[in-house]
Amino acid sequence: MNSYIYDLLQKALSGLDISEPPEIQLESPKVAEHGDISTNIAMLLAKPLRQNPRAIAQQLLDTMPLDPQVLEAIEIAGPGFINFRFAKEYVYQQLRAIIEEGSDFGKTASRKGQRIQIEFVSANPTGPLTVGHGRNAVLGDTIARLLEWTGASVDREYYFNDAGRQMRVLGQSVQARYQQLLGQSIELPEGGYEGAYIIDIAQGIVDQYGKEWEEKDWEAFKKVAQEAIFADISQTLERMNIHMDSFFNEFDLYENGDIEKVLAALKEKGLVYEADGATWFKTTEFGKEKDTVLVKSTGEPTYRLPDIAYHANKLDRGYDECVDVFGADHIATYPDVLSALQALGYDEQRIRVIVYQFVTLVKDGQPFKMSTRKANFVTLDELMDEVGSDVTRFFFLMRSSNTHLEFDIGQAKEAGEKNPVFYLQYAHARIHSILRKAEEEYGAAPESPTLEQLKPLVHPSELTLMKTLFKLPKAIAGAADANEPHRLINYLNDVATDFTSFYHDCRIMGVEQECAQARVLLARQTARVLSNGLGILGIHAPEQM
RNA sequence: GCGCCCAUAGCUCAACUGGAUAGAGCAAUUGCCUUCUAAGCAAUAGGUUUCAGGUUCGAGUCCUGAUGGGCGUACCA
């Protein structure tokens, strides 16, 4: 439809006395009285033509033919907007298109053939996933789904480091707990992990090996702890319906020589120098105030070096786009990574970074800081025990990622029933309830109706609902392009709201057969749009509640 | 100090590339369950979009400055 109107305007513009007409912009107005599609072209022309925008709009309108099968009306409104109103026939045809596409309705092909990698979660295995990780996990997974619906093939990857200082402390913490369980009076190491899960892991070792592990070093304990924690993380992700395609261990970058290669290449470019026993990266050449350390004087690389090598590795794997999802605390690292990649000759435009702001936990009306080490966190599992995975996913997705998300635990627990996700699920369940009844009463509605069979749909609520339903592909593509899943939620809310108006204005039971069947078809497609949309969000669309 | 993000109804947040009358959900007040699921609907109230300038036909959105908050600015990850 957009291209149809675009052509119409293009032709009308060619009749005007202007050499370089401005670009035609089409938008869908917020208010129904302003039609279904509108353009501001006359206002843009006002200046070069030195004429009143409404007069220009009139000139354009006079030369535009009106095909009653497509457009019901073209109107001039306000300061000079030109508004287009769809004809009913066109609306019916669109409804038939939804019916034909079925579970694929909403898919577009804008990224067909593209291979995209998205890296997310990427929590080191030092403890269970917390509410903070939840935002990352759900955001990453949903963006992946959105990209798939625009035709891309998407790989989900989890990047982790099991070799650092954190992991040593983890091993030592488990070891200390193990010794405590055997009755020795041993303190947790300085800065050790205090969570109860450490004791559980230690208890597991006691149960299995008794005193046999007294002579083992912390690395053995680390290995057991890591496996247990990873198993726990995988299970949590599974519960949220998240499936990783690959896990990438930072250690591999050392083994396969990528770290060395990157360092050597940067040296060759003259971007690396030695000072105070450390190896520095000249980030000042890229506009930063200070240079950055790549290798500490101890000989250990900082995290930046493997980060650079990892991203080079990803691009080498031939992805058209690599998406990173991370929290605001990592915001300082990626400009360095991009600078390095650029220097190494990579197209850093292929890296896309999604930064989300922190989740502020509010408990008993007070905000508090979370720390895995201090064990004052709320795990994702605990949250899902309380409210389930649907509400959990929805909660993280309903807000734009660059605003701080306030998470009131008490409210989330008790508000389960009032949570907006139920509004969508309820609408879906309600439709199915009607469909079941209608089928008993009227028999099955036609699978692929003719235009004639849809003609009883004339009520404003019906037309509004139909027009909203067609926007699903646009809503998905828009959310995917902006990496903003909450836009899809906003859209689905519109669908549910429009359905509810329809539900109140247009009864299905008790009207004559033809009208009832047409309404059944519309209701069924509404359920389709809701379930396709909820599916992308990873949320169930129940047929009964 | 410097860099990034943010500031919209009492609270939590929307508002597609600058568009027409700034919208939802909680909370408040009122009305609606012999009729397809009341986890719902209808209505009322709530706003100088933090402040001061600027750009233009038009600004919550763009620019400059101020104020207030979050994060970063480590040879921690």
Side-chain angles (χ1 to χ4, degrees), chain A residues 23 25 27-31 33-34 38-40 42-44 46-47 52-53 77-81 83 124 126 161 164-167 250 275-280 287-290 292-304 306-307 327-335 355-358 360 362 398-408 411 415-423 425-427 429-438 441 474-475 478-479 481-482 484 486-487 489-491 493-494 496-497 500-501 503-504 506-511 516 519-520 523 544-545:
Chain A
E23 203 184 330
Q25 296 170 28
E27 56 191 53
S28 28
K30 285 181 204 162
V31 217
E33 295 92 71
H34 296 153
S38 82
T39 180
N40 59 354
M43 271 120 73
L44 298 176
K47 201 164 210 184
N52 179 317
F81 290 102
N83 298 334
N124 286 339
T126 59
N161 170 15
R165 189 185 57 84
Q166 285 181 5
M167 295 304 290
E250 181 186 318
D276 305 328
T279 305
W280 296 75
K288 281 197 82 172
E289 254 186 79
K290 281 192 272 183
T292 313
V293 172
L294 288 181
V295 184
K296 303 186 225 171
S297 52
T298 59
E300 243 180 306
T302 65
Y303 62 100
R304 258 162 240 249
D307 266 5
D329 55 336
H330 285 62
I331 198 148
T333 90
Y334 85 94
V355 177
Y356 61 90
Q357 299 297 315
F358 269 11
T360 313
V362 177
M398 63 191 288
R399 304 276 142 84
S400 147
S401 58
N402 62 2
T403 90
H404 297 266
L405 180 63
E406 189 159 301
F407 199 110
D408 190 320
Q411 199 180 30
E417 280 199 352
K418 292 175 179 172
N419 197 297
V421 70
F422 287 100
Y423 185 67
Q425 294 184 319
Y426 184 67
R430 209 183 218 180
I431 294 169
H432 276 276
S433 164
I434 298 170
L435 293 178
R436 285 187 292 268
K437 289 210 166 120
E441 181 74 21
K474 205 179 150 193
D481 290 343
E484 289 184 348
H486 77 275
R487 292 195 195 188
I489 289 186
N490 290 345
Y491 165 77
N493 262 318
D494 289 346
T497 303
T500 315
S501 304
Y503 173 84
H504 281 272
C506 309
R507 291 190 55 83
I508 290 176
M509 308 302 291
V511 302
R519 287 175 176 175
V520 162
Q544 264 177 328
M545 284 180 83

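In what follows, chains carry the letters A, B, and so on, assigned in the order in which the sequence lines appear, proteins first and then strands, with residues in each chain numbered from 1.
Counting distance only, with no hydrogens placed and no angle test, the side-chain atoms of N40(A) and the base atoms of G19(B) include a donor-acceptor pair under 3.5 Å.
Minimum atom distance to the side chain of T403(A) is reached by A14(B), of the listed A77(B), A14(B), C41(B). In this structure, the nucleotide among A77(B), U73(B), G70(B) sitting nearest to the side chain of Y303(A) is A77(B). Listed candidates were U56(B), U37(B), C16(B). Nearest to the side chain of K47(A) is U56(B). Checking A14(B), C57(B), G40(B) against the side-chain heavy atoms of R430(A) singles out G40(B) as nearest.
The same atom, P, is picked in U44(B) and in C2(B); the two are 50 Å apart, to the nearest Å. Remark: the separation of the P atoms in C5(B) and G65(B) is 14 Å, to the nearest Å. Taking atom C1' on both U35(B) and U29(B), the two are 29 Å apart, rounded to the nearest angstrom. Comparing A14(B) with G53(B), their P atoms are spaced 28 Å from each other, to the whole Å. Look at the C1' atom in both A52(B) and C13(B): the space between them is 27 Å, to the nearest Å. Distance check on atom C1': C51(B) versus U37(B) gives 50 Å, rounded to whole Å. Between C4(B) and G19(B), the two C1' atoms lie 30 Å apart (nearest whole Å).
Within the 4.0 angstrom heavy-atom criterion, no nucleotide atom of any strand lies near Q425(A). Among the heavy atoms of the strands lying under 4.0 Å from A278(A) is at least one base atom, whether or not backbone atoms are also near. Residue T279(A) is out of contact with every strand shown, counting any heavy-atom pair closer than 4.0 Å. No contact: T333(A) has no heavy atom under 4.0 Å from any strand. Contacts of Q544(A) with the nucleic acid, taken as non-hydrogen atoms under 4.0 Å apart, include base atoms. T500(A) comes within contact range of the sugar-phosphate backbone alone, with a heavy-atom separation under 4.0 Å but no base atom that close. Within the nucleic acid shown, N83(A) comes within 4.0 Å of at least one base atom, counting heavy atoms only. Contact annotation for N402(A): backbone-only contact, meaning every heavy-atom pair under 4.0 Å involves sugar-phosphate atoms and none involves a base. Residue contacts shown for E33(A) include a base, since a base heavy atom lies under 4.0 Å away.
Where A429(A) and N161(A) each meet RNA chain B at their nearest nucleotide, the meeting point lying more 5' is that of A429(A).
For the OP1/OP2 pair of U37(B) and a distance below 4.0 Å, the side-chain nitrogens and oxygens of S433(A) include at least one atom meeting the criterion. Note on Y423(A): every side-chain N or O is 4.0 Å or more away from OP1 and OP2 of U37(B). The phosphate of A20(B) has OP1 or OP2 within less than 4.0 Å of a side-chain N or O from K30(A). Between Y426(A) and A39(B) there is a side-chain polar atom (N or O) within less than 4.0 angstrom of OP1 or OP2. The side chain of H504(A) places no N or O atom within less than 4.0 Å of a non-bridging phosphate oxygen (OP1 or OP2) of C36(B). Taking only side-chain nitrogens and oxygens, K296(A) comes nearer than 4.0 Å to OP1 or OP2 of C76(B). At the phosphate of C36(B), neither OP1 nor OP2 sits under 4.0 Å from any side-chain N or O atom of R519(A).
Residue Y356(A) contributes atom OH, which lies 13 Å from atom P of G72(B) at whole-angstrom precision. If you take NE2 of H330(A) and P of C71(B), they are 15 Å apart, rounded to a whole angstrom. Summarising the geometry, the separation between OH on Y491(A) and P on A15(B) is reported as 17 Å, rounded to the nearest angstrom. The CG atom of D307(A) sits 14 Å away from the C1' atom of C76(B) (whole-angstrom rounding). Whole-Å rounding puts the K290(A) NZ to G72(B) P distance at 15 Å.
Y503(A) places none of its side-chain heavy atoms less than 4.5 Å from the side chain of S501(A). Side-chain contact check for T500(A) versus Y426(A): every heavy-atom pair is 4.5 Å or farther apart.
For the pairing with T333(A), the side-chain contact (heavy atoms from CB on, under 4.5 Å) check across T292(A), D307(A), T302(A) returns one residue only, D307(A).
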